[in-house]
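Please read the structure below before turning to the comments.
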Amino acid sequence: MENQSTIRKHIQALRQALTKEQQVAYSKEICERVIDSGILNKAEHVAIYLPVRGEANPTPLLDFNLYSNKQFYLPVLSSTQQNHLEFAKFDANTPMKLNQFKIPEPDVNESDLLKDPTILDCVIMPLVGLDPMGNRIGMGGGFYDRTFSFKKTSQMKPLLIGFCYNFQIIAPQTPQQWDVPVDAIATQTSFTQL
Ligand SMILES: Nc1nc2c(c(=O)[nH]1)N(C=O)[C@@H](CNc1ccc(C(=O)N[C@@H](CCC(=O)O)C(=O)O)cc1)CN2
Ligand SMILES: Nc1ncnc2c1ncn2[C@@H]1O[C@H](COP(=O)(O)OP(=O)(O)OP(=O)(O)O)[C@@H](O)[C@H]1O
């Protein structure tokens, strides 16, 4: 059995080995699976992320939005609650800055941050590895697990969608007590609601 840090290294190496063209083509396919699933049809408030270091790119979802009116959001590292995320509205005019992990995030006032994550309908989740039950291995900060921990004891939204390349699907994992499973899995070849 591979441990989490071995899995992280292995998958990160596979991601880095993708050509730019592969990243773009595969990411568009994953976005198409999300769109075709219809899961976003009724969603008004949708969080995505900006990819770094070879992560699958969900930003083509913004283009599918041209003729509908959804509000998109990006995660912002919370300055008040350690290793929690808050969310900021995102469109072509949003001013951006680099956060401490060198990931671009909206440069907005504290008062413009969405503090209540249950306002969101869907969250497209970055991840390193994901098992078929939706157990997620992320970058190791526990940001998403902390932010959505309320989902472990309630049926509340948002719907969490794991967004990744096929090769990021891993063998079944034993979840840690704090892990929050995703509700759906999108890859180039399938969309599975759990
Ligand atoms: N694109 C993207 N945005 C995201 C996340 C993500 O996984 N992907 N996050 C998901 O939570 C949050 C940021 N979490 C992060 C956690 C760790 C590292 C990171 O670079 N860690 C180092 C090792 C940590 C250390 O220095 O000890 C590394 O992996 O090299 C980056 C982002 C919010 N935004
Ligand atoms: N709800 C929580 N309350 C307290 N600590 C937590 C919680 N969720 C996660 N943690 C802590 O965060 C650390 C990292 O967790 P884990 O390795 O599962 O992160 P991850 O899912 O890979 O990261 P991310 O969500 O940022 O991509 C663990 O040491 C864990 O103890």
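Atoms within a ligand are numbered from 1 in the order they appear, just like the ligands themselves.
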task = Could you check Leu160, Val46, Leu114 and say which one makes a side chain to side chain contact (heavy atoms under 4.5 Å, CB included) with Leu120?
result =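 Passing option: Leu114.
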Would you say [X] and [Y] make side-chain contact, with heavy atoms under 4.5 Å?
X      : Y      : value
Gln12  : Val128 : yes
Phe167 : Leu18  : yes
Tyr144 : Arg136 : yes
Ile169 : Cys164 : yes
Gln188 : Arg33  : no
Leu77  : Glu105 : yes

query = For ligand 2, is there an N or O atom under 3.5 Å from any N or O atom of Ile137?
reply =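 No, there is no polar N/O contact under 3.5 Å.
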message = Regarding ligand 2, does Ser149 bring an N or O atom to under 3.5 Å of one of the ligand's N or O atoms?
response =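 Between Ser149 and ligand 2 (N or O atoms, distance only) the closest approach is not under 3.5 Å.
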message = Can you classify the ring geometry of Phe101 versus Phe143 as parallel (below 30°), tilted (30 to 60°) or perpendicular (above 60°)?
response =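 Because their plane-to-plane angle is over 60°, the rings of Phe101 and Phe143 count as perpendicular.
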Those atoms of ligand 2 less than 4.0 Å from some heavy atom in [X]:
X      : value
Arg8   : 17 (O), 22 (O)
Asp179 : 18 (O)
Arg136 : 21 (O), 24 (P), 25 (O), 27 (O)

request  = Could you see which bit of Glu55 sits under 4.0 Å from ligand 1, with heavy atoms only: side chain, backbone, both or neither?
outcome  = side chain
inquiry  = Using a 4.0 Å heavy-atom cut-off, which part of Leu127 comes near ligand 1: side chain, backbone, both, or neither?
reply    =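 It is neither part, as no heavy atom is under 4.0 Å.
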task = Apply side-chain contact (heavy atoms from CB on, under 4.5 Å) to the pair Ile137 and Leu127, showing each step before the final yes or no.
result = CA-CA 6 Å; Ile137 298 179; Leu127 59 94; over 6 Å; no
Is [atom] less than 4.0 angstrom from some protein heavy atom?
atom                    : result
atom 22 (C) of ligand 1 : no
atom 27 (O) of ligand 1 : no
atom 30 (O) of ligand 1 : no

query = Is Arg146 in contact with ligand 2, taking contact as a heavy-atom separation below 4.0 Å?
reply =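 So Arg146 counts as touching ligand 2.
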task = Examine ligand 2 and decide if any of its atoms is less than 4.0 Å from a heavy atom belonging to Met125.
result = no
Where is the nearest protein heavy atom to [atom]: which residue, which atom, and how far?
atom                    : result
atom 14 (C) of ligand 2 : Gly140 O, 3.3 Å
atom 4 (C) of ligand 1  : Ile103 CD1, 3.8 Å
atom 18 (C) of ligand 1 : Phe101 CD2, 3.5 Å
atom 6 (C) of ligand 1  : Pro126 CG, 3.5 Å
atom 19 (O) of ligand 2 : Gly142 N, 3.1 Å
atom 26 (O) of ligand 2 : Phe143 N, 2.9 Å
atom 16 (C) of ligand 1 : Met139 CB, 3.5 Å
atom 30 (C) of ligand 2 : Trp178 CE2, 3.3 Å

message = Between Thr118 and Asp116, is there a side-chain donor-acceptor contact under 3.5 Å, judged purely by atom types and distance?
response = yes
inquiry  = I'd like to know if the side chain of Gln173 pairs up with that of Asp131 as donor and acceptor (distance under 3.5 Å, no hydrogens or angles considered).
reply    = no
query = Considering all heavy atoms of both residues, which atom of Phe150 and which atom of Pro158 are nearest to each other, and what is their separation?
reply = CZ-CD, 4.0 Å
Can you list the ligand 1 atoms lying under 4.0 Å from a non-hydrogen atom of [X]?
X      : answer
Leu85  : 33 (C)
Leu50  : 1 (N), 2 (C)
Tyr49  : 1 (N)
Tyr144 : 9 (N), 10 (C), 11 (O)

request  = Could you tell me whether ligand 1 has any atom less than 4.0 Å away from a heavy atom of Arg53?
outcome  =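 Contact present.
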request  = Spell out, yes or no, whether Ile185 and Ile35 are grouped together once hydrophobic residues are joined by side-chain heavy atoms under 4.5 Å, including indirect joins.
outcome  =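 Yes, same cluster.
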Ion pair check, Lys151 and Asp183, cut-off under 4.0 Å =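 Yes, charged N to carboxylate O under 4.0 Å.
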message = Can you confirm whether more than 12 heavy atoms, excluding those of Lys89, are under 6.0 Å from its NZ atom?
response =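 Result for NZ/Lys89: open.
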